[in-house]
Amino acid sequence: MASLGLNECEQAGARQLLEFLETEELIALTDTVTNRLVHPESRQEAIHAVLVYSQSVEELLRRKKVCRDVIFKYLAAQGIPVPPSSEKHLLIDRVKQYWSGKLMTCASESGERKPHTGTHGERQKSPEDDIHDLGEEFCHWFFALLNSQHPLGVKSEERWGPQHFWEDAKMKFCYNTLEKNIEEYVGAEMVSLRLLSLVKDEYLLFNPNLHTDALKCAMSRHGLVLVAVAGTVHRDNACLGIFELVFGLISCPVRENTWKIKVVNLKIVGQSALEPGMHVEKPSIKYGSTQLQELYDGKELTVFEPQNLSSLFHN
């Protein structure tokens, strides 16, 4: 028998990745890797053979049967955001980083977001840092779960649905393609279904930019957390435009460190809405924490009109 070329962590990750292959493709991969010396009678036997006879992670992931889409789906299922247009060698690098422990998954097993309570390093975090960490963790979880609902995506073990929203949740959806359109929804079920339809029925994928200038977070004096994030919108291999999304999160009074969505304010600007000569900048949020807090009027989080779109573009 050939010596094991993958360590324990690499084998565990590779086993999950190989599950995304169709049975026919998996058997063909087994034939290639084992030089037709092994004849598996089940998917699990085929996966085991591939793991045993693969000499390295690089060798396994570069196999033709382990195509780019399979690797992309695996990363999405693990909650690791990557641009949908990424080439295969870049996806392989991300997988290698993840399996080596240099890249942590952002997916969560829980239905709602639970911020980390531990401290890292000697520097004590400020309240603003804690809110920003909560917002970043929430965005990783939210977009990984939402994108997993795409018809061509791998279904997440976690279920999408109204349980992630407060019963009186509100949503305002503004989108500019050839003309400006505004939709409004009230209720956890309606908000959940509208967001789901964007990915499941309209085949959109959201790629958030979680760098400093594209993720802004704030907490109102009433304890409502506002998270604003910008990014790009994709369909297949095409980038359709940019988005800006503001969430209002409220903690659950009976479940510690649990947050649900109270308000969703989504704005999408398609490439076709740009005037001639205008180009899309790197997605970013132009307003600061103080401006975010002003969106809360003390009674309820206002579903506000989007800011001037020109602030997101340059000539």
Side-chain angles (χ1 to χ4, degrees), residues 4-34 40 42-110 137 139-160 196 199-200 203-208 210 231-232 234-237:
L4 287 173
L6 307 182
N7 62 36
E8 185 175 347
C9 291
E10 291 169 344
Q11 285 194 46
R15 184 179 299 277
Q16 291 180 319
L17 187 148
L18 293 173
E19 288 288 0
F20 295 116
L21 290 174
E22 297 291 341
T23 300
E24 183 178 347
E25 296 172 335
L26 184 57
I27 297 301
L29 176 62
T30 306
D31 289 343
T32 300
V33 173
T34 68
S42 68
R43 286 182 58 87
Q44 293 307 312
E45 287 185 8
I47 290 175
H48 177 74
V50 171
L51 297 178
V52 169
Y53 283 86
S54 293
Q55 298 302 303
S56 69
V57 171
E58 190 83 16
E59 178 194 74
L60 173 59
L61 297 181
R62 289 191 177 278
R63 297 285 187 183
K64 289 184 178 180
K65 291 298 181 182
V66 185
C67 64
R68 175 199 166 281
D69 288 349
V70 167
I71 301 175
F72 179 84
K73 291 175 182 178
Y74 167 77
L75 289 171
Q78 302 307 307
I80 301 174
V82 292
S85 58
S86 296
E87 296 181 2
K88 183 179 178 180
H89 72 275
L90 295 176
L91 299 179
I92 290 175
D93 288 342
R94 294 288 279 180
V95 172
K96 291 169 64 177
Q97 290 174 2
Y98 178 42
W99 290 353
S100 66
K102 298 178 181 178
L103 183 67
M104 299 303 293
T105 178
C106 301
S108 171
E109 295 180 358
S110 63
E137 185 184 0
C139 287
H140 278 302
W141 166 81
F142 178 85
F143 288 106
L145 179 59
L146 181 60
N147 286 335
S148 73
Q149 308 305 306
H150 192 283
L152 300 181
V154 177
K155 300 305 179 185
S156 170
E157 293 182 1
E158 188 172 358
R159 185 173 62 90
W160 174 270
L196 176 63
V199 173
K200 186 175 181 180
Y203 302 98
L204 300 182
L205 285 170
F206 293 85
N207 183 32
L210 299 181
T232 51
H234 303 257
R235 181 183 290 130
D236 297 326
N237 291 324

Separation between CG (Asp236) and CG (Leu152), nearest 0.5 Å, reads 7.5 Å

Once you measure the plane-to-plane angle for Phe206 and Phe143, does it fall in the parallel (<30°), tilted (30-60°) or perpendicular (>60°) bin?
tilted

In short, Leu29 meets Val66 closest at the heavy-atom pair CD2-CG2, 4.0 Å

In this structure, CG of Leu91 is separated from CZ of Arg94 (nearest 0.5 Å) by 9.0 Å

Could you go through residues 14-23 and list every donor-acceptor pair under 3.5 Å that involves a side-chain atom there, pairing it with any protein atom two or more places apart or in another chain?
residue	atom	partner	partner atom	Å
Glu19	OE1	Arg43	NH2	3.4
Glu19	OE2	Gln44	NE2	2.8
Thr23	OG1	Arg43	NH1	3.1

Check the pair Leu61, Tyr74 against side chain to side chain contact (heavy atoms under 4.5 Å, CB included), reporting the backbone distance first and the verdict last. CA-CA 12 Å; Leu61 297 181; Tyr74 167 77; over 6 Å; no

dist Ile47:CD1 -> Ser42:OG (nearest 0.5 Å) comes out at 8.5 Å

Residues at least two apart in sequence or cross-chain that pass salt bridge (Lys or Arg N to Asp or Glu O under 4.0 Å) with Arg68, listed by chain then number, are none

- Look at atom NZ of Lys200 and say whether more than 12 heavy atoms of other residues, nucleotides or ligands are closer to it than 6.0 Å. no

Rounding to 0.5 Å, atoms CD1 (Ile71) and CD1 (Ile92) come to a distance of 4.5 Å

OG of Ser100 to CD of Glu10, rounded to nearest 0.5 Å, is 8.0 Å

The reported gap from CH2 in Trp141 to CG in Leu146 (rounded to nearest 0.5 angstrom) is 9.5 Å

What one should report as the nearest heavy-atom pair of Thr34 and Thr30 is OG1-O, 2.7 Å

Between His89 and Glu87, the two heavy atoms sitting closest are CE1-OE1, 3.0 Å

Lys65 side-chain N/O to Ile27 backbone N/O, donor-acceptor pair under 3.5 Å | no

Tyr203 and Pro151 have their tightest heavy-atom pair at CE2-CG, 3.5 Å

Closest non-hydrogen atoms of Ala76 and Ala144, given as atom of the first, atom of the second and distance, are O-CB, 4.3 Å

Result for side chain to side chain contact (heavy atoms under 4.5 Å, CB included) between Gln11 and one of Val52, Leu51, Val57 points to Leu51

